[in-house]
Structures are given as C-alpha cells and as structure tokens.
Amino acid sequence: MRRLPPLNSLRAFEAAARHLSFTKAAGELHVTQAAISHQIKSLEDWLGMVLFKRQNRALLLTDAGQAYLPPLREAFDRIHDATAKLRERDKSGALTVSTFTSFAAKWLVPKLGRFASGHPDIEVRLAINDVLVDFGSDAVDVGIRYGRGDWRGLRTERLMTEVVFVVCSPRLLDGPAPLTCPEELRYHTMLHDDLPEDWDTWLEAAGAGPIKARRDLAFNHSEMVLQAAIDGLGVALGRSVLVADDLAAGRLVKPFDLELPTQAAYYLVYPDGTQERPKVKAFRDWVTSEVARDAASNLQLPADRPTVTLTR
C-alpha cells in the first residue's frame with residue numbers, strides 16, 4: 001500500500017509554496033490562514049522535516065520544500081487533467097436508456113430527434129426490454145418504466161399518467177356499423193393486448209355490459225394492437241400516451257368520449273447519486289420538457305377527469 005500524507009495538507013503546501021504566502025493560499029482554498037498554517041505544520045510533522053522558513057518577513061522554501069514542490073505540482077496537474085477529461089467524457093458519448101417496446105415505438109423514438117438536435121455530443125442507445133433491468137449489473141444509465149413508482153433502490157420521478165379509450169381507423173366509421181354507440185362493437189373485431197380485462201372494464205363503465213365481438217384478435221405488445229387498429233383490422237383500447245401522435249395525425253379516431261384513468265404511471269428512474277451526471281441530467285431535463293410540451297398540447301390526462309379506475 002502507498003503511504004501518503006493527508007491530501008488536505010498536500011493541497012495546503014502546494015498552494016502556499018506556489019504563492020509563497022499562507023494568506024494567498026488560504027484565499028485560493030477558501031479557508032483561514034490559521035487552517036493553512038495548521039495543515040503545513042501537520043505535513044511537516046508527518047514528514048519529519050521543515051518545509052518553510054521565514055526571513056525578513058518573507059516566506060521561503062527550505063531545501064526540502066524546494067525539492068518537494070515540483071513533483072507535487074506535477075501530480076496535482078495530472079490529477080486535474082485526468083479529472084477534466086473524465087468529466088468531459090461524461091458530458092458526451094453514449095447514454096444508454098432502458099425502456100419497454102411500446103413506449104419506445106410510440107412516444108420516445110418519434111421525439112428523439114429533438115434531443116439529438118439539442119445535444120449532438122450525446123449518443124443515445126436504447127435498451128429495449130419488457131422486463132426490468134438491473135442498474136447494478138446492466139450497462140444502463142437511466143430508464144423509463146410503467147408502474148407505481150415503487151422500485152427499491154432507485155430514484156423515481158413521475159412523468160405522466162394516462163387514460164384508456166376506444167380507438168379505431170377512421171375507415172371503420174364509414175362502414176355498416178359506424179360505432180355510434182358501444183353496442184355496435186359486437187359487429188367489429190376487438191383487438192387485445194396482454195391485458196384483456198381492460199375491455200370488460202371499459203364496457204362496464206360505458207353501460208354496455210358484456211359484448212361478444214364478431215371476433216377477437218390478440219397481440220402481446222401494445223404497439224402491435226395499435227398498428228392493427230391503424231390498418232383497419234379492428235377496434236382497440238388506446239392508451240393516451242401511446243396514441244397521441246396517431247390521433248393528431250388522423251391515423252386513429254375516438255368513436256366514444258368515455259376515458260378511464262389507469263392506476264399506473266410512467267416514471268423516469270435512475271440510481272441514486274447519478275442525477276447530476278451531465279448526460280443523465282441532460283436527458284432528464286429533455287424528457288420533462290417533452291412531457292410539459294405534451295401537457296400543453298392537451299395530450300395528457302387533466303387532474304379533474306372521471307375517477308373510474310382500471311385494474312392493472
């Protein structure tokens with residue numbers, strides 16, 4: 001093991017030796033002159049030799065002090081340069097973001113161009129995975145998850161809530177059963193993701209009771225359900241965060257007004273202690289600005305909507 005003097009004493013000596021002044025060293029290090037004097041005395045005791053001498057009210061280095069200063073200054077310069085390079089590298093390069101398939105496809109990826117324009121030095125790498133990643137073992141910097149924000153050991157920031165409502169291609173409204181009431185769903189194909197109970201909840205809230213659709217078509221990813229709806233294959237339950245762009249572009253329409261809020265929400269998550277890393281902070285600030293942008297466009301759930309809740 002290296003046997004090194006206390007770092008604070010070395011910093012005090014280097015500054016005092018460079019300025020040949022305890023007062024100027026104290027000002028540089030934002031401590032008192034007495035603290036500098038104490039640190040120098042501690043270092044001299046640790047070394048067993050005197051480093052400064054006073055002559056005609058001037059502060060001079062002893063032979064030992066003159067021999068000690070150059071390699072010590074070089075060491076501090078190398079530490080400074082290495083730290084600056086490390087911090088600069090953390091401001092740029094790759095940022096790995098973990099999220100799940102449907103959110104990446106329908107919300108995150110379409111917006112990433114704005115992040116790239118504002119941060120051309122940061123390369124975003126998406127780690128798409130529908131299971132939770134382990135920040136301790138996986139090379140992930142930040143994640144966006146859907147749930148109730150109760151992930152142990154991680155900092156969580158709630159980004160968005162959402163509502164669920166019926167969506168379909170506008171072409172279906174021109175057919176023989178134009179969906180003027182929920183009961184007409186029986187003449188259409190119902191599209192399902194891996195949460196089939198959502199349809200039962202929505203139909204009950206709509207007062208339509210159980211409905212046997214013409215046929216059922218199931219997928220294991222929400223973005224596949226929405227693409228099937230866009231292609232006119234049937235009627236789906238759309239989640240407001242995921243269908244906002246498709247509604248705005250006219251690829252999907254809402255045949256009914258009823259919207260049901262969910263109990264879960266979208267969260268930004270990252271390990272504690274990483275929130276001030278430049279890349280993480282840049283992505284966090286950008287994501288929250290995009291959420292505010294959506295809210296300003298009335299794409300998210302207002303606080304005073306109906307309180308019928310879906311069980312997730």
Side-chain angles (χ1 to χ4, degrees), residues 94-116 122-135 137-151 154 156-169 189-199 216-249 251-252 260-270 280 283-284 286-288 290-291 294 299-301 310-312:
L95 174 78
T96 301
V97 180
S98 169
T99 192
F100 50 99
T101 309
S102 57
F103 183 81
K106 304 301 290 185
W107 193 92
L108 183 57
V109 171
K111 301 175 188 293
L112 273 178
R114 286 195 284 270
F115 181 81
I122 299 178
E123 173 193 352
V124 175
R125 296 177 181 172
L126 294 184
I128 306 301
N129 201 326
D130 290 333
V131 299
L132 299 183
V133 300
D134 183 354
F135 282 87
S137 59
D138 297 322
V140 172
D141 298 297
V142 64
I144 298 177
R145 293 180 178 177
Y146 187 80
R148 303 193 183 186
D150 52 355
W151 298 288
L154 297 176
T156 63
E157 298 183 43
R158 192 161 102 165
L159 296 174
M160 296 172 284
T161 56
E162 67 181 355
V163 291
V164 174
F165 45 80
V166 175
V167 295
C168 66
S169 167
T189 298
M190 279 188 178
L191 305 173
H192 302 269
D193 59 14
D194 55 356
L195 297 169
E197 71 276 12
D198 287 357
W199 267 117
D216 294 287
L217 186 58
F219 302 87
N220 65 345
H221 284 294
S222 296
E223 79 279 5
M224 297 171 66
V225 173
L226 297 180
Q227 187 58 52
I230 291 171
D231 292 339
L233 298 183
V235 184
L237 282 177
R239 305 179 186 280
S240 56
V241 171
L242 303 185
V243 302
D245 287 348
D246 293 321
L247 289 173
R251 292 184 290 268
L252 292 173
L260 304 184
T262 63
Q263 293 179 336
Y266 295 87
Y267 289 84
L268 186 71
V269 298
Y270 44 85
V280 172
F283 187 79
R284 175 192 175 277
W286 173 78
V287 166
T288 54
E290 289 293 330
V291 171
D294 281 357
L299 298 180
Q300 301 305 323
L301 172 65
L310 285 175
T311 301
R312 299 289 305 227

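All values reported here derive from a predicted model rather than from experimental measurement. Values reported hereafter were calculated over all heavy atoms of this structure, with side chains retained and with hydrogens, waters and symmetry mates removed.
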Inset, instruction - Compute the ring centroids of Phe283 and Phe115, then answer whether they are less than 6.0 Å apart. - result: yes

Legend entry - Min side-chain heavy-atom separation Val225-Leu237 under 4.5 Å: no

Inset, instruction - Give a yes or no on whether the backbone of Val131 and the side-chain of Asn129 come within a donor-acceptor separation of less than 3.5 Å. - result: yes

Legend entry - Flag side-chain contact, heavy atom, 4.5 Å: Asp216 against Trp199: no

Inset, instruction - For the residue pair Pro261 and Thr161, establish whether any side-chain heavy-atom pair is separated by less than 4.5 Å. - result: no

Inset, instruction - Flag the pair Lys106 / Leu226 as yes when at least one side-chain heavy-atom distance between them is below 4.5 Å, and no otherwise. - result: yes

Inset, instruction - Would you check if Thr189 and Leu233 make a side-chain contact, meaning some heavy-atom pair closer than 4.5 Å? - result: no

Legend entry - Tyr146 side chain near Thr99 side chain, heavy-atom distance below 4.5 Å: no

Legend entry - Ile144 CD1 to Glu157 CD distance, which is reported to the nearest 0.5 Å: 11.0 Å

Inset, instruction - Taking only Lys NZ, Arg NE, NH1 and NH2, and the carboxylate oxygens of Asp or Glu, determine whether Arg125 and Asp141 approach each other closer than 4.0 Å. - result: no

Inset, instruction - Could you pull out all residues at least two apart from Met224 that satisfy side chain to side chain contact (heavy atoms under 4.5 Å, CB included)? - result: Phe219, Asn220, His221

Inset, instruction - Identify, with sequence neighbours excluded, every residue that meets side chain to side chain contact (heavy atoms under 4.5 Å, CB included) alongside Asp150. - result: Arg148

Inset, instruction - Answer yes or no: is there a side-chain heavy-atom contact under 4.5 Å between Asp231 and Arg251? - result: no

Inset, instruction - Would you indicate whether Arg158, at its atom CZ, is surrounded by more than 12 heavy atoms from other residues, nucleotides or ligands within a distance under 6.0 Å? - result: no

Legend entry - Flag side-chain contact, heavy atom, 4.5 Å: Val235 against Leu191: no

Inset, instruction - Nearest 0.5 Å please: distance from the OG1 atom of Thr288 over to the CE atom of Met160. - result: 11.0 Å

Legend entry - Check: Trp151 side chain, Leu132 main-chain N or O, donor-acceptor pair, under 3.5 Å: no

Inset, instruction - For the pair Ser240 (side chain) and Val163 (backbone), establish whether a donor and an acceptor sit closer than 3.5 Å, ignoring hydrogens and angles. - result: yes

Inset, instruction - Could I get the full list of ring-ring contact (aromatic ring centres under 6.0 Å, His included) partners for Phe103, not counting sequence neighbours? - result: Phe100, Trp107, Tyr266

